[in-house]
S.K.: 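Here's a structure for you.
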Amino acid sequence: MEIVLTEETPYRFRIEEREAMRVPGVVFASRELLPQAAGDKALEQVANVATLPGVVRASYAMPDVHWGYGFPIGGVAATDIDEGGVVSPGGVGFDISCGVRLLAAGLTRAELDPGGFQRLMDILGRTVPRGMGRGGLWELPGPDAMDDLLVGGARYAVEHGHGVPRDLERCEDSGALEGAAPGEVSRRAVERGLGQVGSLGSGNHFLEVQAVDHLYDPDAAAAFGLRPDQVCVMIHCGSRGLGHQVCTDHVKVMDRALHRYGIHLPDRQLACAPVDSAPGRNYLGAMAAAANYGRANRQLLSEAARRAFTTALGTGLDLVYDISHNMAKVETHEVDGRPRRLCVHRKGATRALPPGDPDLPEDLAGAGQPVLVPGTMGTASYVMTGLPGNDAFRSACHGAGRVMSRHQALRTVRGERLRADLESKGVAVRPSSWRGLAEETPEAYKDVDVVADVTEGAGLARLVARLVPLGVVKG
DNA sequence: ATGTAC
């Protein structure tokens, strides 16, 4: 399908509804950020998503949108559950509950002496499990413990001594998404997950030591627990082999069941089933379980960071917030004048609740939900907050967004050279592999400063703080 | 993203 974009505002483009599309496509971006690489199918994917049964309002793309499996990464789409709306694993992604967690340390950058920082990076480099396969911080004894973790998420980790109760107040859904169905997670997925709780993985996943560089909104920042020049830790990781296996298993089931529900798709990667059907319910139960695995994973990694901070610097870390940016959630939104029960897919997009939303903890009610926007290696990251009037079902961007393939990135720079460049700019690097490092070169990504500005310009979220990297432990 | 392929 040829894609024709209409500029509605400098930050909002429209793909008119045609052929099999049931709703229009809406792309929040500046001209500069629109996917332009030859062969980039991201906008075609936005249009494809608009053909899904039960889809309402529009198929949305965030400013960091880029090509993904079936749905674009940076895509948001909601379906009406009571009108045959579907759920699609491709609308969540292979890395279910991939997300970001930000912790704030009890010291400022000025109080961080070089020797202490070196000790910190060395301990993190030694103790944070990362890379393909390999072990995790918490080897579970067996499938029964895993079932409990899949239901309890970060809460299960805290109950077993990995964290403090206050952490859960700053986790989306208090650390555990409801409706997890461990029975819908295959034996194979469980086996893959048993030894990986508390591990970064690879690709764009990382644990970064950062410092607050600028506050756009000191009041909101204070509510989040952020102050000028403060040292922070940002963790970006997901549900490892377990989430990947859950996606693989359920895509296969849905692909085979498409004809049973009379679903016709422009792309088989959009495999889906009605939310109100056995395959739909089973997937959502397995997805919630994998989401909880991802949250427990970030909880364990937070504890490793805390131990490193205590040992190296004698200070602790308070959780600012933990968000998932690969999830589907049942939410009620008003569409065409009436509240409707929707299945909101966010793939490479975060929820962005505005101030006063009932789902927010009391101490965040005035400031809104922290929206965590990691940049890429060596670049800034942003903390934003939700705004009222966000028609993309209260969603915002999730990061910089890739513009160059991994293969292409490898041709531009070698890992050894990239590390030397970053170290010379004052960013300590503890890589997992030279190749993995090179694939993550900042050149391969959109400019996160622009993505954050456009996200605000488009009215999706508002800037609160800018963070800059001091040291990165790379997955 | 992913024991980078059933």
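Scope of the values below: all heavy atoms of this structure, side chains included, with no hydrogens, waters or symmetry mates. Because the structure is a prediction, the values reported are computed rather than measured. A, B, ... follow the sequence lines: proteins, then strands. Residue 1 opens every chain.
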S.K.: Do the side chains of A/R417 and A/D421 get close enough for a salt bridge, i.e. N-O under 4.0 angstrom?
M.R.: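 A/D421 and A/R417: salt-bridged.
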S.K.: Taking the basic N atoms (NZ, or NE/NH1/NH2) and the acidic carboxylate oxygens, is any pair closer than 4.0 Å for A/E331 and A/R341?
M.R.: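 Judged by the 4.0 Å cut-off on N to carboxylate O distance, A/E331 and A/R341 do not form a salt bridge.
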S.K.: Need one value for A/E191: base, sugar-phosphate or nothing, where a base atom within 4.0 Å counts as base even if backbone is also close, heavy atoms only.
M.R.: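 No contact.
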S.K.: If I take atom OH in residue A/Y293 and atom P in nucleotide B/dT2, what distance separates them, rounded to the nearest angstrom?
M.R.: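 Those two atoms, OH and P, are 10 Å apart.
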S.K.: Does the pair A/R188/A/D249 count as a salt bridge with the N-to-O cut at 4.0 Å?
M.R.: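 Answer for the salt bridge query: no.
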S.K.: Any salt bridge between A/R295 and A/D322, counting N to O under 4.0 Å?
M.R.: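 Not counted as a salt bridge, because no side-chain N and carboxylate O are separated by less than 4.0 Å.
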S.K.: Please classify the nucleic acid contact of A/R406 as base, sugar-phosphate, or nothing, using heavy-atom distances under 4.0 Å.
M.R.: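 The residue A/R406 makes sugar-phosphate contact but no base contact.
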S.K.: In whole angstroms, how far is the P atom of B/dT4 from the CG atom of A/L410?
M.R.: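 About 17 Å, once rounded to whole Å.
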S.K.: Output the rounded distance in Å from CD (A/Q196) to C1' (B/dT2).
M.R.: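 Rounding to the nearest Å, CD of A/Q196 and C1' of B/dT2 are 9 Å apart.
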S.K.: Are there over 12 heavy-atom neighbours, none belonging to A/W67, within less than 6.0 Å of that residue's CH2?
M.R.: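 Result for CH2/A/W67: open.
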S.K.: How many Å lie between OH on A/Y69 and C1' on B/dT4, as a whole number?
M.R.: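 Atom OH in A/Y69 sits about 15 Å away from atom C1' in B/dT4.
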S.K.: For A/R435 and B/dT2, what is the distance between atoms CZ and C1' respectively, to the nearest whole Å?
M.R.: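 Between C1' of B/dT2 and CZ of A/R435: 13 Å.
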S.K.: Take the protein atom CZ of A/F94 and the nucleotide atom C1' of B/dA5, then report the distance between them rounded to whole Å.
M.R.: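 So the two atoms are 13 Å apart, to the nearest Å.
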S.K.: Do NZ/NE/NH1/NH2 and the carboxylate oxygens of A/R12 and A/D391 come within less than 4.0 Å?
M.R.: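 A/D391 and A/R12: salt-bridged.
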S.K.: Whole-Å distance between B/dT2 P and A/E439 CD?
M.R.: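 It works out to 12 Å between those atoms.
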S.K.: Under a 4.0 Å threshold between the charged nitrogen and the carboxylate oxygen, would A/E440 count as salt-bridged to A/R402?
M.R.: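 The answer is yes: the pair qualifies as a salt bridge.
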S.K.: What's A/G203 touching, base or sugar-phosphate or nothing? Going by heavy atoms closer than 4.0 Å.
M.R.: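 Sugar-phosphate contact only.
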S.K.: Whole-Å distance between B/dT2 C1' and A/N326 CG?
M.R.: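 Taking CG of A/N326 and C1' of B/dT2, I get 13 Å after rounding.
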S.K.: Check DNA chain B against residues 239-249 of chain A and give the residues with a non-hydrogen atom under 4.0 Å, in numerical order.
M.R.: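 Those residues are A/R240, A/G241, A/H244.
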